[in-house]
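Reading through the structure tokens given below for one structure.
Every value quoted in this text rests on a predicted model; they were computed, and no experiment measured them. Sequential numbering from 1 along the given sequence is applied to the chain's residues.
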Amino acid sequence: MTTQITNARPPAGLRKESRRRPPAPSTAKVGRPGFAWALPAAVFFTLFAIVPLLMVAVLSFMSWDGLSSPEFVGTDNWSRLVDDPVMLKSIWLTLLLTTLGVVLQTPLSILLGVWAAGHQRNRAVLSVIYFIPLLLSATAVSVLWRALLDPNFGIPAAAGWLFGDGNLFGEQATAIGVLAFVSTWQFTPFHTLIYQGAARAIPPVLYQAAEIDGAGRYRQFFHITLPQLRTSMITSMILMIVGGLTTFETVLILTQGGPGTDTTISAYYMYDKAFKSFDYGTGSAIALVLVVAATIISLIVVRVSGYDKMRSSMEGVS
């Protein structure tokens, strides 16, 4: 009995096909949705941001009282603003209040955010109580503090040994101090949430390695926590700057720009020109100045901080 061994070979086409490597998966489209996904947001932003901004820019070259037809006046509105001492003073006051907001809110927000990210006893209850101002509108907060600081029936009237005559809104220094305090009281919880989320995203292994090296809590905070909060700090500061430049309700309810024009910031001066003096052309010019100023300052912060050069998605890693 003979056994016949046959060497079965696959066809040449199959041999070539089996030697080919499987195609590498394409990563170009992974995680990158097409333009259609952004189209609704782009349309919304165009209709409610770009178009109104263009209309304000056009209106800044017009003379309009809100009733008659707008009349083109060229650069007359801008020329009056340049020579207007109240406008120049309002810009200085706006920058002052914005700077005070950043200086006061940033350290408080960082400390409270890092603390709220921990596991202390009763931390959740205290955090909820502290975040209550964040749930209130700027109008409600301003009305509340206007009543609390009333010179006749509020806290200053009951504590004359501390507040003197009790009229905190009668002088520029104390009025500005009240505006800075109320804004800090209201908006610090918002920025605390930003730092709380960022602090919880810091890898615990960094703190474990620091403990092995003998670093205490203070060194861990300054050498690990703060550097890791860098991107969140930049974001928070930009929001503070934009919010400070556009503050309006607090001034309207607490001081109404007074005493005199000592707390008349640019946003309130825009309201005064447009809706009290019915000079919508000048009011539009002031609004455009605020938009340009907020954009320029934000770009400067991003450029100086190096935020635009960061490529990593991890906190504090470039």
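Atom CZ of F153 is surrounded by 12 or fewer heavy atoms from other residues, nucleotides or ligands within 6.0 Å. Heavy-atom neighbours of R200 CZ from other residues, nucleotides or ligands within 6.0 Å: above the threshold of 12. With a 6.0 Å radius and a threshold of 12 heavy atoms from other residues, nucleotides or ligands, Y130 has its OH atom above the threshold. More than 12 heavy-atom neighbours from other residues, nucleotides or ligands sit within 6.0 angstrom of CD on E211. Within 6.0 Å of the CZ atom in R217, the count of heavy atoms belonging to other residues, nucleotides or ligands does not exceed 12.
Scanning both residues, A274 and G283, for their nearest heavy atoms gives CB-CA, 4.3 Å. Shown here for S232 and A198, the closest heavy-atom pair between the two residues is OG-CB, 3.1 Å. Shortest non-hydrogen contact noted between P203 and Y207 is O-CD1, 4.0 Å.
By the rule that hydrophobic residues join a cluster once side-chain heavy atoms approach within less than 4.5 Å of another member, I194 and L112 end up as members of one cluster. Hydrophobic clustering, with ILVMFWY side chains joined whenever heavy atoms are under 4.5 angstrom apart, groups Y268 together with I176. Both I297 and I91 belong to a common hydrophobic cluster when Ile, Leu, Val, Met, Phe, Trp and Tyr are linked at side-chain heavy-atom distances under 4.5 angstrom. Under a hydrophobic-cluster definition in which Ile, Leu, Val, Met, Phe, Trp and Tyr are linked whenever side-chain heavy atoms come within less than 4.5 Å, directly or via other members, F248 and V178 are assigned to the same cluster.
Remark: side-chain polar atoms of Q196 are paired, donor with acceptor, to backbone N or O of A116 under 3.5 angstrom. No donor-acceptor pair closer than 3.5 Å links the side chain of S236 to the backbone N or O of M233. With T261 contributing its side chain and G257 its backbone, the two residues share no donor-acceptor pair below 3.5 Å. Within the 3.5 Å criterion, the main-chain N or O of T263 finds no donor-acceptor partner in the side chain of T255. Looking only at distances, no side-chain donor or acceptor of T75 sits under 3.5 Å from a matching main-chain atom of W78.
Taking the six-membered ring wherever Trp is involved, the centroid distance between the rings of Y280 and F275 falls below 6.0 Å.
Between M240 atom CE and F187 atom CZ the span is 11.0 Å, to the nearest 0.5 Å. N167 CG to T174 OG1: the interatomic distance, rounded to the nearest 0.5 Å, is 7.0 Å. Going from atom OG of S183 over to atom CG of L254 covers 8.5 Å, rounded to the nearest 0.5 Å. A distance of 8.5 Å separates OH in Y195 from OG1 in T235, rounded to the nearest 0.5 Å. If you take CG on L104 and OG1 on T188, they are separated by 8.0 Å, rounding to the nearest 0.5 Å. Atoms CZ and CD1, from F44 and I50 in turn, are 12.5 Å apart once rounded to the nearest 0.5 Å.
A salt bridge does not link K89 to D84: none of the charged side-chain nitrogens sits closer than 4.0 Å to a carboxylate oxygen.
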Counting only pairs under 3.5 Å, give me each side-chain donor-acceptor contact of residues 53-65, with atom names and distances, residues two or more places apart or in other chains.
residue: S60; atom: OG; partner: A57; partner atom: O; Å: 2.6
residue: W64; atom: NE1; partner: S68; partner atom: O; Å: 2.6
residue: D65; atom: OD1; partner: L67; partner atom: N; Å: 3.0
residue: D65; atom: OD1; partner: S68; partner atom: N; Å: 3.0
residue: D65; atom: OD1; partner: S68; partner atom: OG; Å: 2.9

